[in-house]
Novice: 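My structure is below; once you've seen it, I'll send some questions.
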Amino acid sequence: MTTAENTPAEAPLAAPVNFIRARVAEDVATGKNAGRVMTRFPPEPNGYLHIGHAKSICLNFGLGREFGGATNLRFDDTNPAKEEVEYVESIMRDVKWLGFDWEDRLYYASDYFQRLYDYAEELIRMGKAYVDDQSAEEIRARRGTLKEPGLDSPFRARSVEENLDLFRRMRAGEFPDGARVLRAKIDMASPNVVMRDPALYRIKHVPHHRTGDAWCIYPMYDFAHCLSDSIEGVTHSICTLEFENNRPLYDWILDQLGVFHPQQIEFARLNLTYTVLSKRKLIQLVAEGVTTGWDDPRMPTLSGIRRRGYTPEALRDFCERIGVARADNMVEFALLEHCLREDLNSRAPRAMAVLKPLKVVIENYPEGQVDEFDFPWHPEKDMGSRKVPFSKVLYIEQDDFREEPPKGFHRLYPGNEVRLRYAYYITCTGVVKDEAGNVVELRCAYDPESKGGGSPDGRKVKGTLHWVSAAHALEAEVRVFDLLFTKPNPSAEEDFTSCINPDSLKVLRARLEPALADAAPGWHCQFERLGYFCADEKDSRPGALVFNRAATLKDTWGKIEKKQGGR
RNA sequence: UGGGGUGUGGCCAAGUGGUAAGGCGACGGGUUUUGGUCCCGUUAUUCGAGGGUUCGAAUCCUUCCACCCCAGCCA
């Protein structure tokens, strides 16, 4: 039971409609591309995948699967200065973990460098591209502004022969970085700035993680992406809204070259409350040591979320529920939590753990006696059972005792009777305090007749507490996480780091029931009444358990107490 | 009038001329050996605003307003 793999989730329901699905369905119905559907997920390997990428992955792979097509994984690796194999590997790991399979269709834009280069020469021969000797600053100065047209480059009218010669010499490494660039010859007066003779190739004497020193010129995104899509026969090239301005260029390049023309479709990227999802900001969190790395359980990266204890099923469900549209959005974190709870409620085994232990001595329980109970792993589903020992000295949660109970509190307080889950009823008969007045121990009396957690006389107790036998308890580290930011939209702040939550991590020494002794890293369970937890995939091992809290359970009492102005 | 987009309840989001789906959240209530789960109910006379067309408009026309994206040799 404590192995990492829990009961697999049931197959997800049919995906809801959205405008992209509708459009693809229409294309299939009208016989466009002979009814063929091919999508791709095209990450740049310059960072870890985050939950925003999950939306795109689910969309792209979902479309491929739904329409009997296929989805490629293609690394958009056209900027060697920023890309690394570590990222390539993490991306493949994360996509697989999310539950998608690119089978034998693993591609890299760098695989196409020669073909791309050939296309560039073709454009030059058609008089549609030219080599510009201006510096980056000069080009910028002549680009014009959003409201004013740009000026033609003094090198715009070069002959095809000269352009070809210069471009070949660029490729041969004759010029230093930044000396020249290949530009498309479109329209410097275009109201769309993207169309003002965009750069197609730049010189970068930087080794590439896959092609090594083979190239010193690299294609720009706009040139590489559309042609890579075309080469792969992608029918629907789905990307986020900010690329909408680039679509005319995407279309222009493909039209000039007369090659297969995929359809670019844009959708609104995901924004999540209390988190940041821009690569720049995530890199900053890692670089500045705000988190322990890309896979810190507080990070919205897929590796962080996985380590936190989220399941791929929950994430896929989340991606279905948020929908796909073109309006800017900000999805509440509560929806993500809901998806996890819903998934794990049905499949996670239950266990007892006390996070902040308070010692309880059952005064009328025989010294040295041990009851060994057999508790089900799940209250409704048949998941078998485990042995749980009960003895004279126990631990309960500090939060479950109040010397002076607030209104509506039906846990333990002096004179009150509660149920220890599945075990016995106990009544608090005394409180032991230290010199400072802190409650350090409770004296209680149990009712032997209530064994199993019910009583022959049928009397009701309102509270049921989780507990652990002190002598048999396992000690474990439990990491309790909270939101990384204190504001719903950190990106709206002048400096997003100004609202970092100083209490986003609390490390506790908890006591666990002994059945958890050999919980495997990655194992999920519910600690009864506390939340869903997962044995840390990196740091936990039998004998030195480390659990992460993925999400709390819904807490009605906490809400009531908060309203009462309680602590 | 630089160009391109978007505006439906607190948050997502269906709806594409026939009289506002669904989910999350919130709020009530029931069940309950997890104050969990589950169940039941409530939560937009109104679709950014105004004007118009129509028997009928969130859907069509029109004016206006708000917000987002674009001036990397990043993607």
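Convention: sequence-line order gives letters A, B, ...; per-chain numbering from 1.
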Novice: Across the strands shown, which category fits A/Arg419 at heavy-atom distances under 4.0 angstrom: base, sugar-phosphate, nothing?
Specialist: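 Counting heavy atoms under 4.0 Å across all strands, the contact made by A/Arg419 includes a base.
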Novice: With a 4.0 Å cut-off on heavy atoms, is A/Arg421 in touch with a base, just the backbone sugar-phosphate, or nothing at all?
Specialist: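 Counting heavy atoms under 4.0 Å across all strands, the contact made by A/Arg421 includes a base.
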Novice: Could you check whether the side chain of A/Glu332 and the base of B/G10 have a donor-acceptor pair of N or O atoms closer than 3.5 Å, going by distance alone?
Specialist: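 Check passes, donor-acceptor contact within cut-off.
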Novice: Using side-chain hydrogen bond (donor to acceptor under 3.5 Å, both in side chains) as the criterion, list what pairs up with A/Ser135, not counting sequence neighbours.
Specialist: A/Glu137, A/Glu138
Novice: For residues 273-283 of chain A, which residues have at least one heavy atom under 4.0 Å from RNA chain B?
Specialist: none
Novice: Just label B/G56 as syn or anti from its O4'-C1'-N9-C4 or O4'-C1'-N1-C2 angle, using within 90° of 0 for syn.
Specialist: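 Anti, angle beyond 90° from zero.
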Novice: Using a 3.5 Å limit for the pairing distances, which stems of at least 3 consecutive Watson-Crick or G-U wobble pairs does RNA chain B take part in?
Specialist: B:2-7 with B:65-70, B:10-12 with B:22-24, B:25-30 with B:38-43, B:48-52 with B:60-64
Novice: Between protein and nucleotides 64-69 of chain B, map the contacts as a letter string: B base, S sugar-phosphate only, - none, heavy atoms under 4.0 Å, written 5' to 3'.
Specialist: ----SB
Novice: Describe the nucleic acid contact of A/Asp222 in one word from base, sugar-phosphate, nothing, applying a heavy-atom distance below 4.0 Å.
Specialist: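 If one applies the 4.0 Å heavy-atom cut-off, A/Asp222 turns out to touch nothing in the nucleic acid.
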Novice: For a quick check of understanding: with a heavy-atom distance under 4.0 Å over all strands, which category does A/His466 fall into, base, sugar-phosphate or nothing?
Specialist: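 No contact.
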Novice: Reckon A/Phe19 touches a base, only the sugar-phosphate, or nothing at all at heavy-atom distances under 4.0 Å?
Specialist: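 Result for A/Phe19 = nothing.
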Novice: Is the distance from the ring center of A/Tyr424 to that of A/Phe390 below 6.0 Å?
Specialist: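 Yes - the distance between ring centres of A/Tyr424 and A/Phe390 falls below the 6.0 Å cut-off.
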Novice: Could you tell me whether A/Ile322 contacts a base, only the sugar-phosphate backbone, or nothing, with contacts defined as non-hydrogen atoms closer than 4.0 Å?
Specialist: sugar-phosphate
Novice: Checking all strands, does A/Val324 fall into the base, sugar-phosphate, or nothing category for heavy-atom contacts under 4.0 angstrom?
Specialist: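 A/Val324: backbone/sugar contact only, no base atoms under 4.0 Å.
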Novice: Looking at every strand, decide which applies to A/Gln526 at a 4.0 Å heavy-atom threshold: base, sugar-phosphate, or nothing.
Specialist: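 Touches a base.
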Novice: Go through the N and O atoms of the side chain of A/Arg411 and the base of B/G35, and report whether any donor-acceptor pair is under 3.5 Å.
Specialist: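 Side chain to base: pair present.
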Novice: Would you indicate what A/Met220 reaches in the nucleic acid, counting non-hydrogen atoms under 4.0 angstrom: base, sugar-phosphate, or nothing?
Specialist: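 A/Met220: backbone/sugar contact only, no base atoms under 4.0 Å.
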Novice: Using the ring pair (Phe, Tyr, Trp, His ring centres under 6.0 Å) rule, collect all pairs that involve residues 166-196 of chain A, keeping only residues at least two apart or in two chains.
Specialist: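 Residue pairs with at least one partner in residues 166-196 of chain A: A/Tyr117-A/Phe167, A/Phe167-A/Tyr201.
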Novice: Once you apply a heavy-atom cut-off of 4.0 Å, does A/Gln134 come out as touching a base, just sugar-phosphate, or nothing?
Specialist: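 Base, at least one base atom sits under 4.0 Å.
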Novice: Using a heavy-atom distance cut-off of less than 4.0 Å, which residues of residues 550-560 of chain A contact RNA chain B?
Specialist: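 Residues of residues 550-560 of chain A that come under 4.0 Å of RNA chain B are, in numerical order, A/Leu553, A/Lys554, A/Thr556, A/Trp557, A/Lys559.
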